[in-house]
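Counting convention: from 1, in listed order, for ligands and their atoms alike. Bear in mind that the values here come from a model prediction, so they are computed numbers and not experimental data.
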Amino acid sequence: MSDLRIAIIIGSTRPGRNGKGVADWVLAKAADRSASYELVDLADFPLPHLDEAMPPAYGQYANEHTKKWAATIAGFDGFIFVTPEYNHSTSGVLKNAIDYLYAEWNNKAAGFVSYGSLGGARAIEHLRGISAELQIATVRQQLSFSLFTDFENFSTFAPGAQHDDSAVTLFEQVEAWAGALKPLRG
Ligand SMILES: Cc1cc2nc3c(=O)[nH]c(=O)nc-3n(C[C@H](O)[C@H](O)[C@H](O)COP(=O)(O)O)c2cc1C
């Protein structure tokens, strides 16, 4: 049994969002992994537009909502970001939540799951650059779901079976790097 904790972060908070269904599928696929996977829903962390006076790299968080968010992220070894594509990027709410913290992201691993009209790969590309700045090691395997072929009526998540093997590879890669980076996390 691995002691790794991996957060599946739901990157949309919109009423009627598709992101919850996608994240639930990821969680179900991870059920038999030895690492533990947990949903982290940004809807449960109502962060205002970044309102900390000090840059996050200083680690001097003043606000209770920041401290709560930091304590949550600090407890994880790795992340799977479930991101929609909004205007060729990730969502504002996910970018804002990422911007809030610094050390809590460092020397951890991440993988990406995207969805959108064209699968959301452009959101992932932006998240890879953002992650690099935060010293998050991002794995190669990614999953991208099309609103046209992986959802019924553009709203009920019904992914093709071809994604199953990719999900296993994603979990393997995130766990391997989350474990390998452990010595750097002190
Ligand atoms: C503000 C906004 C911008 C969008 N921009 C894109 C886009 O650039 N490319 C794309 O493929 N889909 C785009 N879409 C479609 C979304 O990816 C799709 O609606 C997805 O379900 C949104 O995630 P959510 O339902 O979890 O909020 C956009 C949707 C919204 C609401």
Side-chain angles (χ1 to χ4, degrees), residues 5-31 33 37-51 65-66 68-69 72-73 76 78-101 104-105 108-134 136 138-171 173-174:
R5 290 183 71 214
I6 311 294
I8 300 166
I9 298 180
I10 309 176
S12 71
T13 54
R14 207 175 54 83
R17 62 189 171 166
N18 282 323
K20 180 71 166 61
V22 177
D24 286 343
W25 179 90
V26 174
L27 182 66
K29 289 289 165 198
R33 305 296 304 173
Y37 286 75
E38 297 164 48
L39 290 184
V40 172
D41 190 345
L42 294 184
D44 296 330
F45 296 88
L47 299 164
H49 290 162
L50 181 59
D51 63 351
H65 52 254
T66 312
K68 183 181 169 203
W69 177 233
T72 299
I73 294 304
F76 289 100
F79 312 100
I80 293 184
F81 291 102
V82 177
T83 180
E85 180 169 309
Y86 289 169
N87 298 316
H88 290 205
S89 188
T90 191
S91 63
V93 71
L94 178 56
K95 176 63 162 59
N96 187 54
I98 292 172
D99 288 345
Y100 257 92
L101 308 179
E104 295 78 7
W105 299 117
K108 297 179 179 177
F112 302 102
V113 174
S114 67
Y115 55 96
S117 306
L118 294 175
R122 293 170 293 213
I124 293 180
E125 287 305 302
H126 283 184
L127 280 167
R128 287 187 185 281
I130 294 162
S131 298
E133 176 60 15
L134 291 165
I136 300 172
T138 61
V139 304
R140 174 184 181 275
Q141 182 68 59
Q142 61 189 57
L143 275 69
S144 291
F145 295 105
S146 161
L147 285 186
F148 290 92
T149 57
D150 293 306
F151 292 80
E152 292 167 0
N153 300 319
F154 303 99
S155 59
T156 302
F157 192 47
Q162 74 275 15
H163 297 292
D164 289 358
D165 287 349
S166 302
V168 172
T169 304
L170 176 71
F171 299 144
Q173 292 183 352
V174 170

>> What protein heavy atom lies closest to atom 5 (N) of ligand 1? Include the residue and the distance to one decimal.
In response: Asn87 N, 2.8 Å

> Just which atoms of ligand 1 are under 4.0 Å from any heavy atom in Pro84?
Replying inline: 22 (C), 23 (O)

> Under 4.0 Å from ligand 1, counting heavy atoms only, is it the side chain of Arg14, its backbone, both or neither?
Replying inline: side chain

>> For the CD1 atom of Ile9 and the OG1 atom of Thr83, what is their distance to the nearest 0.5 Å?
In response: 11.0 Å

> Does any N or O in the side chain of Thr169 come within less than 3.5 Å of the main-chain N or O of Asp165, such that one atom is a donor and the other an acceptor?
Replying inline: yes

> side chain to side chain donor-acceptor pair (under 3.5 Å) between Ser89 and His126: does it pass, once the steps are laid out?
Replying inline: CA-CA 6 Å; Ser89 188; His126 283 184; 2.7 Å; yes

>> I need the contact type for Val22 against ligand 1. Using non-hydrogen atoms and a strict under-4.0 Å cut-off, is it side chain, backbone, both or neither?
In response: neither

> Taking atom CD of Glu104 and atom CD1 of Ile136, what is their separation to the nearest 0.5 Å?
Replying inline: 11.0 Å

> For Gln162, does the CD atom have more than 12 heavy-atom neighbours from other residues, nucleotides or ligands under 6.0 Å away?
Replying inline: yes

>> Using 0.5 Å steps for rounding, measure from the OG1 atom of Thr138 to the CD atom of Gln173.
In response: 10.5 Å

> Is there a donor-acceptor pair closer than 3.5 Å between any side-chain N or O of Asn96 and the backbone N or O of Leu50?
Replying inline: yes

> Are any side-chain N or O atoms of Trp105 and backbone N or O atoms of Ile98, one a donor and one an acceptor, separated by less than 3.5 Å?
Replying inline: yes

> Of the listed options (Tyr86, Phe157, Phe151, Tyr115), which comes nearest to atom 1 (C) of ligand 1 when hydrogens are ignored and any heavy atom counts?
Replying inline: Tyr86

> Any heavy atom of Arg122 sitting closer than 4.0 Å to ligand 1?
Replying inline: yes

> At what distance is the nearest protein heavy atom to atom 14 (N) of ligand 1, and which residue and atom is it?
Replying inline: Glu85 O, 3.2 Å

>> For atom 8 (O) of ligand 1, what is the closest protein heavy atom, and at what distance to 0.1 Å?
In response: His88 N, 2.9 Å

>> Would Gly119 count as a polar contact of ligand 1, with the cut-off being nitrogen or oxygen pairs under 3.5 Å?
In response: no

> Does Ser12 approach ligand 1 within less than 4.0 angstrom via side chain, backbone, both or neither, non-hydrogen atoms only?
Replying inline: side chain

> For atom CG of Asp164, is the number of surrounding heavy atoms from other residues, nucleotides or ligands below 6.0 Å larger than 12?
Replying inline: yes

>> I need the atoms of ligand 1 closer than 4.0 Å to a non-hydrogen atom of Gly19, numbered in the order shown.
In response: 26 (O)

> Hey, is ligand 1 close enough to Arg17 that some N/O pair sits below 3.5 Å?
Replying inline: no

>> Closer than 4.0 Å to some heavy atom of Gly116 - which atoms of ligand 1 meet that?
In response: 11 (O), 17 (O)

>> Looking only at protein heavy atoms, which one is nearest to atom 24 (P) of ligand 1, and what is the separation?
In response: Asn18 N, 3.5 Å

> Starting from atom 19 (O) of ligand 1, which protein heavy atom do you reach first, and at what distance in Å?
Replying inline: Leu147 CD1, 4.0 Å

> Taking distance alone, with no angle check, do Leu118 and ligand 1 share an N/O pair under 3.5 Å?
Replying inline: yes

>> Testing the 3.5 Å rule here: is there a donor-acceptor pair between the side chains of Ser91 and Ser12?
In response: no

